[in-house]
Amino acid sequence: MISTPVAATPSSTFAVSDYLSCLQVVMVNTTLPANIGSAARAMHTMGLSRLTVVDPKLPIDDTSISHAAGGSKILAAATITSTLEAAISDCQLVFAASSRSRHLPRPVVTPSQAAKIMLDFIDKQKAIDHSVSSEQTDLSTVKPNIAILFGREDRGLTNEELAYADYHIQIDANPEYPVLNVASAVQVIASFIFTYIQSHVNNSSHHSACNAEAAALDDQSKQPMLDTYIRQQWDEPAITQQQLQQLTQSTTELMVAHGLANSDHLRSLPSRLSRLGSRIQLDQKEYQLLSALMAKLLKG
């Protein structure tokens, strides 16, 4: 077994563990407890510690613990929820592992691209923490919370579950059979995340901010990247997944009330509105403004 030491970081930057603590793995409707344990082992190997299991068919048991090996503490601290909505209600950014294209696709990224988006998002939130005084902002409420969804062993995530994600992660694999065991998928994606974050932290420890930015741009030029919109500066934290769904519901109700949609035949309207909300990346103040407008118009 090979272990890689993590370089110390100055107090002005996050350590690798600080970044990883902002991420949670969410396993949906698992069939075999052993797979939960294997996923916990994969997480522990890559420094992840937060596991949520949504509506498992069988509870965590001795087979889970035996397969977890060194990751048994992750199982002990795992959160069990009955719904996916509850699992991600306080998340500001959601990714989903998926090997298939969908009718209403979300932006599809590779594991390395996903790692970059996650790190950039955390850094933007960290900048807010430093720029806003403690009297104005409770830092515990703005800590980034990012979820990575993994589906059932036999059929993955449903279209409705995938619609909650801002990005879909696809792992390059044999096109004739691009299907990984759920624990293997966790291992692959977590490995890319750990490697990218560790490289970022190590670069920050040895170079100035300008040199680190230049190195990041150089790395980007060596591989194709999607043109994803990332807000450059936020004066307010991003909205949570629960707030996005509330706004989607209010917009749908408003359209029905004004004859712009049929409540019995909404079809893909809620999913399209949710995707729109993910794409424009609302912050808390923007959410409050739109919510007030929706409430006024609904009373109208």
Side-chain angles (χ1 to χ4, degrees), residues 1-6 15-91 94-100 111 114-115 118 145-158 160-162 164-165 169-171 173-174 177-195 197-198 241:
M1 300 177 67
I2 301 174
S3 61
T4 304
V6 178
V16 171
S17 59
D18 293 324
Y19 282 105
L20 295 176
S21 70
C22 297
L23 312 178
Q24 65 168 318
V25 168
V26 179
M27 301 180 71
V28 178
N29 201 205
T30 52
T31 300
L32 300 176
N35 283 333
I36 303 175
S38 296
R41 178 174 182 169
M43 291 172 60
H44 184 60
T45 302
M46 295 302 158
L48 297 174
S49 59
R50 298 170 57 205
L51 173 64
T52 299
V53 184
V54 178
D55 189 27
K57 293 183 178 179
L58 294 171
I60 293 173
D61 60 13
D62 289 342
T63 64
S64 307
I65 296 171
S66 64
H67 280 75
S72 58
K73 289 184 178 180
I74 294 176
L75 294 180
T79 299
I80 311 297
T81 67
S82 58
T83 66
L84 178 57
E85 291 86 348
I88 62 174
S89 64
D90 60 347
C91 295
V94 179
F95 292 79
S98 176
S99 61
R100 294 177 288 173
M118 293 175 191
N145 192 9
I146 301 172
I148 312 170
L149 312 183
F150 294 87
R152 301 156 187 79
E153 294 92 332
D154 57 345
R155 54 192 176 90
L157 295 163
T158 66
E160 291 75 15
E161 291 161 348
L162 285 167
Y164 283 110
I169 304 175
Q170 289 190 355
I171 300 170
N174 177 7
Y177 190 71
V179 181
L180 278 74
N181 171 276
V182 63
S184 298
V186 172
Q187 183 80 71
V188 171
I189 292 174
S191 176
F192 275 96
I193 294 170
F194 181 88
T195 300
I197 290 176
Q198 185 180 52
Q241 181 65 211

Problem set entry | Gap separating the CD1 atom of I146 from the CZ atom of R50, nearest 0.5 angstrom | 9.5 Å
Distance-only criterion, 3.5 Å: show the donor-acceptor pairs between side-chain atoms of residues 58-66 and protein atoms not counting sequence neighbours.
residue	atom	partner	partner atom	Å
D61	OD1	T63	N	3.0
D61	OD1	T63	OG1	2.5
D61	OD1	S64	N	3.1
D61	OD1	S64	OG	3.4
S64	OG	P33	O	2.7
S64	OG	D61	N	3.2
S66	OG	D62	O	3.4
S66	OG	T63	O	2.9

For this session: Return the set of residues passing side chain to side chain contact (heavy atoms under 4.5 Å, CB included) with S191 (not counting sequence neighbours), or none when no residue passes.
Result: M46, T195
Problem set entry | Euclidean distance, T31 OG1 relative to D154 CG, rounded to 0.5 Å | 5.5 Å
Problem set entry | F95: partners by ring pair (Phe, Tyr, Trp, His ring centres under 6.0 Å), with sequence neighbours left out | Y167
Exercise. If every non-hydrogen atom of V182 is compared with every non-hydrogen atom of E153, which pair is closest and at what distance?
Worked result: CG1-CG, 4.2 Å
Seminar exercise, completed: Distance col, row F194:CZ vs S17:OG, nearest 0.5 angstrom, shows 9.5 Å
Exercise. Would a 4.5 Å heavy-atom cut-off, applied to side chains only, mark N29 and K57 as touching?
Worked result: yes
Problem set entry | Heavy-atom side-chain contact between V94 and V26 under 4.5 Å | no
Exercise. Between atom OG of S72 and atom CZ of R41, what is the distance when rounded to the nearest 0.5 Å?
Worked result: 11.5 Å
Seminar exercise, completed: Applying side chain to side chain contact (heavy atoms under 4.5 Å, CB included) to A86 and not counting sequence neighbours gives T81, T83
Problem set entry | Heavy-atom pair of closest approach, residues A115 and I193 | CB-CA, 3.8 Å
Exercise. Tell me, do L51 and I36 make a side-chain contact under 4.5 Å, heavy atoms counted?
Worked result: yes
For this session: Grab the two heavy atoms, one from H44 and one from G71, that are nearest each other, plus how far apart they are.
Result: CB-CA, 3.8 Å
Exercise. Can you tell me how far the CD atom of Q24 sits from the CG atom of L149, to the nearest 0.5 Å?
Worked result: 8.5 Å
Problem set entry | salt bridge (Lys or Arg N to Asp or Glu O under 4.0 Å) partners for R152, two or more places apart | E161
For this session: Report the C-alpha distance between Q241 and N145 in whole Å, list the side-chain angles of each, state the deciding distance to 0.1 Å, and finish with yes or no for side chain to side chain contact (heavy atoms under 4.5 Å, CB included).
Result: CA-CA 10 Å; Q241 181 65 211; N145 192 9; over 6 Å; no
For this session: Find the distance between CG (L180) and CD (Q187) and round it off to the nearest 0.5 Å.
Result: 11.0 Å
Exercise. Are P56 and I80 close enough that some pair of their side-chain heavy atoms sits under 4.5 Å apart?
Worked result: yes
Exercise. What residues form a side chain to side chain contact (heavy atoms under 4.5 Å, CB included) with N181, not counting sequence neighbours?
Worked result: N35, A183, S184
Exercise. Do P178 and I171 have side chains that get closer than 4.5 Å, going by heavy atoms?
Worked result: no
Exercise. Hey, are the side chains of Y164 and L157 touching, using non-hydrogen atoms and a 4.5 Å cut-off?
Worked result: no
